[in-house]
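The model shown is predicted, which means the values in this text are computed figures rather than measured ones.
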Amino acid sequence: MASRGVVGVFLLAALPLLCLELQRGIPDLRIKDLILLCGRIFLLLTLLTLIISVTTSWVNSFKSSQVYLKEEEEKNEKRQKLVRKKQQEAQGEKGHEDLVLERESRTSSETSNREAAKRRNLPKPVTKVSPPAEQPTQKEVLDLPEEPPEIAEEVVTVALRCPSGRVLRRRFFKSCSSQVLFDWMMKSGYHTSLYSLSTSFPRRALEVERGWSLQDVGITVDTVLNVEEKEESN
């Protein structure tokens with residue numbers, strides 16, 4: 001198609017020149033005139049070819065740019081549609097997940113409410129608080145005699161060194177019953193069934209009998225007695 005167009009343009013350009021020369025007369029044509037005529041025709045043809053090629057390339061580039069823009073628009077539309085589709089799918093999945101989480105939370109809350117209701121309906125266990133074994137009752141502890149003054153005669157100071165580390169001191173008359181020492185120990189929180197009294201040095205268990213006084217059991221001066229836990233016997 002391009003070659004036919006070029007040939008047609010060449011003939012159209014050469015036709016006016018041939019007509020001018022023919023008007024002058026055929027016998028007057030010479031070789032020089034023919035060469036000049038061909039040169040003019042070739043120059044005109046070159047100019048027209050250049051114009052046509054430039055115009056054709058410009059038109060083609062314009063068309064290609066239009067086609068490229070159209071393709072880009074189509075690609076952008078496809079991308080936008082794909083992005084919208086993905087967003088819709090993501091929103092749908094998110095909505096489904098939210099629905100599942102909401103159902104699970106409702107189920108867990110209902111279960112916890114049921115368990116709480118069951119706990120409220122259960123009877124409360126009754127706990128029996130028994131007094132510690134080492135704590136004596138009021139009937140078992142005798143009333144201690146009044147503590148004599150420091151300036152009184154025939155008075156001895158007795159100290160009890162407890163397992164907890166505290167030391168208790170009290171004054172007694174030497175003629176006081178030796179049983180008062182165990183009553184004092186029981187009143188301090190150490191029952192005679194679990195604890196015993198012993199002297200510090202030399203170490204020996206303190207033994208008392210009914211009717212014995214402190215002086216009879218050997219407590220004639222200030223004395224320190226140890227409160228010791230009894231060993232369990234088989």
Side-chain angles (χ1 to χ4, degrees), residues 94 96-234:
K94 186 176 181 181
H96 181 67
E97 291 178 356
D98 294 339
L99 183 61
V100 172
L101 292 175
E102 185 178 357
R103 288 178 180 175
E104 291 179 354
S105 63
R106 288 180 180 176
T107 305
S108 61
S109 63
E110 290 177 358
T111 304
S112 61
N113 292 334
R114 290 175 183 173
E115 292 179 354
K118 289 180 180 179
R119 293 194 191 97
R120 288 195 296 267
N121 294 329
L122 288 175
K124 295 183 180 180
V126 179
T127 57
K128 296 182 179 180
V129 180
S130 58
E134 64 271 12
Q135 294 294 336
T137 59
Q138 295 294 333
K139 293 182 180 180
E140 294 177 345
V141 179
L142 300 176
D143 292 334
L144 297 178
E146 294 183 359
E147 188 175 6
E150 295 181 359
I151 59 175
E153 296 181 355
E154 298 296 323
V155 173
V156 65
T157 301
V158 181
L160 292 183
R161 185 181 291 114
C162 303
S164 61
R166 64 174 180 169
V167 178
L168 305 176
R169 289 183 175 84
R170 201 177 193 279
R171 292 185 300 275
F172 298 97
F173 286 107
K174 294 180 182 180
S175 60
C176 187
S177 175
S178 58
Q179 184 64 34
V180 75
L181 297 176
F182 290 94
D183 294 341
W184 181 30
M185 181 182 70
M186 292 178 63
K187 196 167 185 178
S188 300
Y190 301 94
H191 200 271
T192 54
S193 61
L194 300 176
Y195 296 91
S196 62
L197 290 175
S198 62
T199 58
S200 297
F201 185 82
R203 183 182 178 281
R204 63 180 178 85
L206 185 65
E207 297 180 358
V208 298
E209 291 185 6
R210 186 178 299 275
W212 284 13
S213 64
L214 296 180
Q215 191 172 2
D216 295 336
V217 296
I219 300 177
T220 56
V221 294
D222 294 346
T223 306
V224 178
L225 299 178
N226 297 320
V227 180
E228 296 181 350
E229 188 175 358
K230 292 183 178 180
E231 295 181 358
E232 295 181 358
S233 60
N234 296 329

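- To the nearest 0.5 Å, the span separating CG on N226 from OG on S198 amounts to 4.5 Å.
- Residues L225 and T199 meet the side-chain proximity criterion, which asks for heavy atoms closer than 4.5 Å.
- Side-chain N or O atoms of E147 include one that pairs as donor or acceptor with a backbone N or O of R171 at under 3.5 Å.
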One pair to check against side-chain contact (heavy atoms from CB on, under 4.5 Å): V156 and D222. What are the steps and the verdict? CA-CA 5 Å; V156 65; D222 294 346; 4.0 Å; yes
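- Taking every heavy atom of both residues into account, L206 and F182 meet most closely at O-CZ, 3.8 Å.
- At least one donor-acceptor pair under 3.5 Å links the side chain of K174 to the backbone N or O of T220.
- Remark: the backbone N or O of V224 is paired with a side-chain donor or acceptor of S200 at under 3.5 angstrom.
- Considering all non-hydrogen atoms of both residues, F173 and A152 come closest at CE2-CB, 4.3 Å.
- Under the 4.5 Å side-chain criterion, counting only non-hydrogen atoms from C-beta, W184 is in contact with V158.
- Of all heavy-atom pairs spanning S178 and L214, the tightest one is CA-CD2, 3.7 Å.
- Closest heavy-atom contact between Y190 and R166: CE1-NH2, 4.0 Å.
- Considering all non-hydrogen atoms of both residues, K230 and S196 come closest at CE-CB, 4.0 Å.
- A salt bridge (Lys or Arg N to Asp or Glu O under 4.0 Å) check over residues 190-203, counting only residues at least two apart or in different chains, returns the pairs R203-E228.
- The line from CG of L181 to OG1 of T192 is 13.0 Å long, rounded to the nearest 0.5 Å.
- Between V217 and W212, the shortest heavy-atom contact is CG1-CE3, 3.7 Å.
- The backbone N or O of M186 lies less than 3.5 Å from no partner atom in the side chain of S188, so there is not a single donor-acceptor pair.
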